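Some notes on the structure that comes next.
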Amino acid sequence: MDRLEEFIKNEGTVFPGKTYVEELLKPVFNDQRDYLFNAMFDIHRAHVIMLAEQNIIHTEEAREMLTGINKVAKTDINQITYQPQFEDLFFMMEAKIGEEIGSELAGKIHIGRSRNDMGVAMYRLVLRGHLLELLDNAYRLSEAILDQAEKHTETYITSYTHTQPAQPTTLGHYLLAIYDVLQRDIKRLWAAYKTVNQSSLGAAALTTTGFPICRARTCELLGFDKIIENSYDCIGGADYLLETASALMTCMVNSGRWIQDFLQHVTREFGSFWVADPYVQVSSIMPQKRNPVSIEHSRSLASSSYGEALAAMNMIHNTPFGDIVDTEDDLQPHLYRAFTNAGRVMKLMFAVITTLKVNDDYTKKMARKSCVTITELADTLSRDYGISFRKAHSIASFISKKTTAAGKELYEWRIDEINEMISGFVDVSLTEEEWKKIISPEYFVEIRSIQGGPSPKEVTRMIGERKQRLSNQKKDFGSLVEELKNRRNKLVGYSL
């Protein structure tokens, strides 16, 4: 045995310390195994195919390499455990491939690349999958929200500003607002997808390689949209992580806000929504309880998802611009957990919304209370009687305060009593018909028919447009997912 062979044989015999293993190497290894295994082997396949096509290795060698790669890729990951003679999962799998095809041939697989460009590519592939899964769930939730909005274009509810009763609207109008915010969240997730779905392969450690590789080919084989051209950027840039975390955080904050509304609507005091039995929990001591835990969990999971994404963002702050473990081993699982919890939020709220029952008689009754139609009195006086809106507002405010002080509702006043109060400000007498319209939630909503308003006709128009747009988006999404699936199947079964 010559000195080089002896050096190679003995190089891995110095085992790391116990604390280093237990607190760092083993947890990192487990994360790599659980999250990155399949992506690693896809990159192996793409790289070998490219090496052969570029005549860097012989075709026969490539065939044997792919055979070994495919065989080891079928390993049950539940049977893989950390072994101290291997620095990480990558070196363990390289050794296992070597057991199948010989260490010399297995060693050639790594020609023209580094764990650096390979690692970034793995992270991007895994994040791409998470983004697509979350987008799929977001589209399903979007459809459920639209379906409920369509059923409730004439379900009258009280809207709130500053947590106080404000004006009548419809549940359809309200749900459509939630839907539109979710569509902007989806748009942000797509923007993150476009940033994520770029190939770092070919950058090697940082400065590319002297081998005549083809970066565009591995990009194509793995379904990336394009390469990240500057090789330093491939390794040093972490904004794909920041953009992903930011999109997740915004989506979860937005979702948490309307989920909190839902928790309010299902209280006995509000009584607007009824959560289906499969999504509530009973009390162990209080028989009457129907605890809306599905919504509660959704709210807390949204916060958890936000927190995990924020942790990832914080871990990038003030880090060096280069290859660092902060953006690799330690950071990635935070984002994966953020995606998992965000997906749970989408699935739970999809189930809640599709089975939700609305107490529309009660919500309509409440939409007549608390003087929430009083704005229409000011509008009527200004629009139909030429009174300045500021004076009309003062009149409406006076009547509202008198109503509250008397412990009454607007509809409990007689028209002569209303006209007497108005006469203290202006010489105007309303008719009985005018007053009935002013106190009617239906009339209030109906005449607010300008673009984006709550009028059932306008809300129906908006729903129709959004349904068509959503249908087209889902078709495009399905086509993309199918294309990526076909590319991967072709890669796994590639024959040279």
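Please read all numbers here as calculations on a predicted model, not as lab measurements.
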Leu132 and Leu484, any side-chain heavy atoms less than 4.5 Å apart: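 The answer is yes, as the side chains (C-beta and beyond) meet within the 4.5 Å cut-off.
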Parallel, tilted or perpendicular: which one describes the rings of [X] and [Y], with boundaries at 30° and 60°?
{"X": "Tyr82", "Y": "Phe29", "answer": "perpendicular"}
{"X": "Tyr336", "Y": "His130", "answer": "parallel"}
{"X": "Trp258", "Y": "Phe262", "answer": "perpendicular"}

Could you tell me whether a side-chain N or O of His173 sits under 3.5 Å from a main-chain N or O of Tyr156, the two making a donor and an acceptor?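 Not at all, since once roles are kept as given, no pair shorter than 3.5 Å links the two residues.
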Look at the side chain of Thr460 and the backbone N and O of Pro456, then say whether any donor-acceptor pair between them is shorter than 3.5 Å.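 Flag set: sc Thr460 to bb Pro456 pair under 3.5 Å.
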Which one of Glu458, Gln167, Glu376 satisfies the side-chain hydrogen bond (donor to acceptor under 3.5 Å, both in side chains) criterion with Arg448?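 Going through the options one by one, the only one that passes is Glu376.
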Just checking, is any N or O donor in the side chain of [X] or [Y] under 3.5 Å from an acceptor N or O on the other one?
{"X": "Asn472", "Y": "Arg469", "value": "no"}
{"X": "Arg124", "Y": "Gln198", "value": "no"}
{"X": "Glu133", "Y": "Asn137", "value": "no"}
{"X": "Asp326", "Y": "Thr319", "value": "no"}
{"X": "Glu442", "Y": "Ser440", "value": "yes"}

Under 4.0 Å between a side-chain nitrogen and a carboxylate oxygen: does that hold for Asp225 and Lys194?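 Answer for the salt bridge query: no.
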Cationic N near anionic O, under 4.0 Å, Lys364 to Asp361: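 No, this pair does not count.
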Derivation of the salt bridge (charged side-chain N to carboxylate O under 4.0 Å, His left out) call for Asp323 and Arg115: CA-CA 10 Å; Asp323 175 51; Arg115 275 187 301 173; over 6 Å; no
Taking only residues two or more places apart in sequence, or in another chain, which ones meet Tyr443 in a ring pair (Phe, Tyr, Trp, His ring centres under 6.0 Å)?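 Residues passing ring pair (Phe, Tyr, Trp, His ring centres under 6.0 Å) with Tyr443: none at all.
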Using a 6.0 Å distance limit plus a 45 degree cone around the ring axis, check whether Arg368 lies over the aromatic ring of Tyr411.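 Here Arg368 passes the 6.0 Å and 45° test against Tyr411.
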Restricting to side chain to side chain contact (heavy atoms under 4.5 Å, CB included), what partner residues turn up for Glu243, sequence neighbours left out?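 Here the qualifying residues are Ala191, Ala192, Thr195.
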